[in-house]
Amino acid sequence: MANLFDVEAASKKSEKSVRVKELARLIKKYQDSYYNGEAEISDAEFDSLWDELKSLDPQNPILKKVGADSGNFPKARHIMPMGSQEKAADPEQFLAWAKKHAYDEYLVEYKLDGASLELQYENGTLVRAVTRGDGTIGDDITVNAKKMRGVIQILKGENSSSFTGGVRGEVIMTHSTHEKFFSDKANCRNAANGLMKRKDGEGAEHLELICYDALSTEGKNPFSDEEEKIEWLVKNGFTTVPLYIAKSADDVVNYRAEVMEKRASLEYDIDGLVVKERAIDFADASRARPERQIAFKFSLEEAVSIVRSVEWSESGATYTPVAIFDPVELAGTTVRRASLANPETLRKLGVKIGSHVVVVKRGEIIPKIESVVKENVSAENEDFTQKEIEFPKKCASCGSELSDTPARLYCPNKNCPKRILHQIFKWIECADIRDLGEATVNELFAAKKINSISSLYDLTEEILTPFFLDEKSIVEKKESLSAKKVLASIKSHSRLSLAQFVAGFDIEGIGETMVQKIVDGGYDTLEKILAASAADIEKIYGFAKISALNFVAGILENAEEMRSLVGKKTIAIEKNSSGVLAGKSFCFTGELSTMKRSEAESLVKKFGGTIKSSVTKDLSFLVTNDTQSGSSKNAKAAKFGIPIINEKEFLSMLN
């Protein structure tokens, strides 16, 4: 029997219900505007809403509906159902679909970004042109359609004079037409949607129909498979989409990358690929949402470019390769550089100077290189050949030979000045010593007043004063309030959680959240962590072989100073279980009304909780004063079933 007093479960259910209703409302609103020629949001944004609703409520009726036309024209029923296709937003989703639909070959066509239209023929003569409507019944715009380029009124192909059935295509406007006549419209699709449904038919001559499907309703189809269907359309004078026959799912992914690269040079808009099998499956095509074909969409968050050079970003001991490539637009921003992560990633991808690469920027993630395009379609335009990427050999700070491991390229010298300074800054960040600024730290380090984490706690007012007062003030024995403030700040941050303490030692790739996972995994004392092996750490959620090896190596390198700080009672490690927020993680978004976000995060740490900068599956709470917002973090939290609470609810947890 369900627990009637499970308030948290009831709250989650209520939040989910509210979100589902909001998503259904938004989808209906944007569908209506899309099908009536004035789309309010991009396809990528619409797909995001659709996918979220599908994850929260897969059987929601709105997912089975298409849009509806304006009602300004007579209605007519389709010959071929015009349902919505399954979608894959990225290669991972497509390959998951392809695993369930393993075909000997995949027929791939451009997915046109226009407005669907069905031409209906009787004995080879056009009798009706019907818009998509609700997928079953649409507007009869025959008068307008006859003015469009690509609309064949009498079929003249061999044995086509007896054809009775439908031909489906997409009404598009070319970029040159849009620029010349309709630049006041937001885009080609909006302009095309508006013109094709004008009662006076004015402007329809500027539109073009590109076809990709056909079906005979009387007698035998004049084609036996999807390839022959395209050939039949061509023979009858229709403009068609290019057809590519892929031998494998991976081949489809590579072809998609090639098309992404040439996409900007096309005269019309496409927003993905349609992938199907060779055989014509009439039963599947008649479904509201066919399963045996899929729309492999492009995204605003990915593009193809050419690598021109590689820079090496230096962060502490680590040298990270950063690719510099021709500018591309990603999610509304111009991107020219992206991380290649580490030597193993660079070599595994096979990136070279001159490589054509797929650049991604998903959600809030920093741009990165996802793959190399195997078939460089524009290689003949290159003005230089591909070259191997040169790796730096020596540390720019201390001159030591760099260590090139699969996980990272780094300076192995523990006494490297740059490494030490980076570690000091990391400690100050984790310990939350806010009054010790970057400029002061650099000056203290240059003057050799600090050379380790431990040395921060050896600072005195006498040592600090010269860094805040001029010589005259020092001679006059004036006190430095700034020196006192910095010293007090250091001393007041000597009680840390175990996760803060370990993360402060700047182990490569290991932040406070990762250390907390180790603590939660049973390694809840410093000695247990010091004794853990890489095999032990690899078993913990969120760790893999390389990250486990990095962690253990970093612990061993810093073990002596860790023990010294705790042994001399310079630092006191608080038990994780002592706070009311122990075992809980929080992510804050938006403005708070009673405190700064940094202050709220400090409270979480003080009471035993942990902070996350983004919404992940293992997050406990998302805190925002706009709990009904449609923001990406709210949407992601709702998708994962994570409670979204406001500031007042958060503060009540501390009591």
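Excluded from the calculations below are hydrogen atoms, water molecules and symmetry mates; all remaining heavy atoms, backbone and side chain alike, are included.
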Peer 1: Please determine whether side chain to side chain donor-acceptor pair (under 3.5 Å) holds for the pair D458 and S455, giving the CA-CA distance in whole Å, both sets of side-chain angles, and the decisive distance to 0.1 Å.
Peer 2: CA-CA 5 Å; D458 295 329; S455 65; 5.9 Å; no
Peer 1: Taking the six-membered ring for Trp and the single ring otherwise, decide whether the centroids of F586 and F650 are under 6.0 Å apart.
Peer 2: yes
Peer 1: Of all heavy-atom pairs between A638 and L56, which one has the smallest distance, and what is that distance?
Peer 2: O-CD2, 3.3 Å
Peer 1: Output side-chain donor-acceptor pairs under 3.5 Å for residues 539-555, partner residues at least two apart or in another chain, one line each.
Peer 2:
unit_1 : atom_1 : unit_2 : atom_2 : d
S547   : OG     : A544   : N      : 2.8
S547   : OG     : A544   : O      : 3.1

Peer 1: Does E22 have any salt bridge (Lys or Arg N to Asp or Glu O under 4.0 Å) partners at least two apart in sequence or in another chain, and if so, which?
Peer 2: R25
Peer 1: Can you establish whether the number of heavy atoms outside E471 located under 6.0 Å from its atom CD is more than 12?
Peer 2: no
Peer 1: Should the pair R337-E311 be classified as a salt bridge under the 4.0 Å nitrogen-to-oxygen rule?
Peer 2: yes
Peer 1: Quick check: closest heavy atoms across S355 and G350, and the distance to 0.1 Å?
Peer 2: OG-O, 4.0 Å
Peer 1: Do side-chain atoms of T525 reach the backbone of K528 as a donor and acceptor pair under 3.5 angstrom?
Peer 2: yes
Peer 1: Among residues two or more places apart or on two chains, list those pairs meeting salt bridge (Lys or Arg N to Asp or Glu O under 4.0 Å) that have a residue in residues 394-414.
Peer 2: R347-D404, K394-E401
Peer 1: Apply side chain to side chain donor-acceptor pair (under 3.5 Å) to the pair S305 and H356, showing each step before the final yes or no.
Peer 2: CA-CA 6 Å; S305 188; H356 289 60; over 6 Å; no
Peer 1: Hey, does V486 have a side-chain heavy atom less than 4.5 Å from the side chain of F468?
Peer 2: yes
Peer 1: Please assess S497 against E574 for the test side chain to side chain donor-acceptor pair (under 3.5 Å), listing each intermediate value before the final yes or no.
Peer 2: CA-CA 5 Å; S497 70; E574 297 176 329; over 6 Å; no
Peer 1: I'd like to know if the side chain of D536 reaches the main chain of S533, judged simply by a donor and an acceptor atom lying under 3.5 Å from each other, with no hydrogens or angles considered.
Peer 2: yes
Peer 1: Write down the atom of V358, the atom of A257, and the distance for their closest heavy-atom approach.
Peer 2: CG2-CB, 3.8 Å
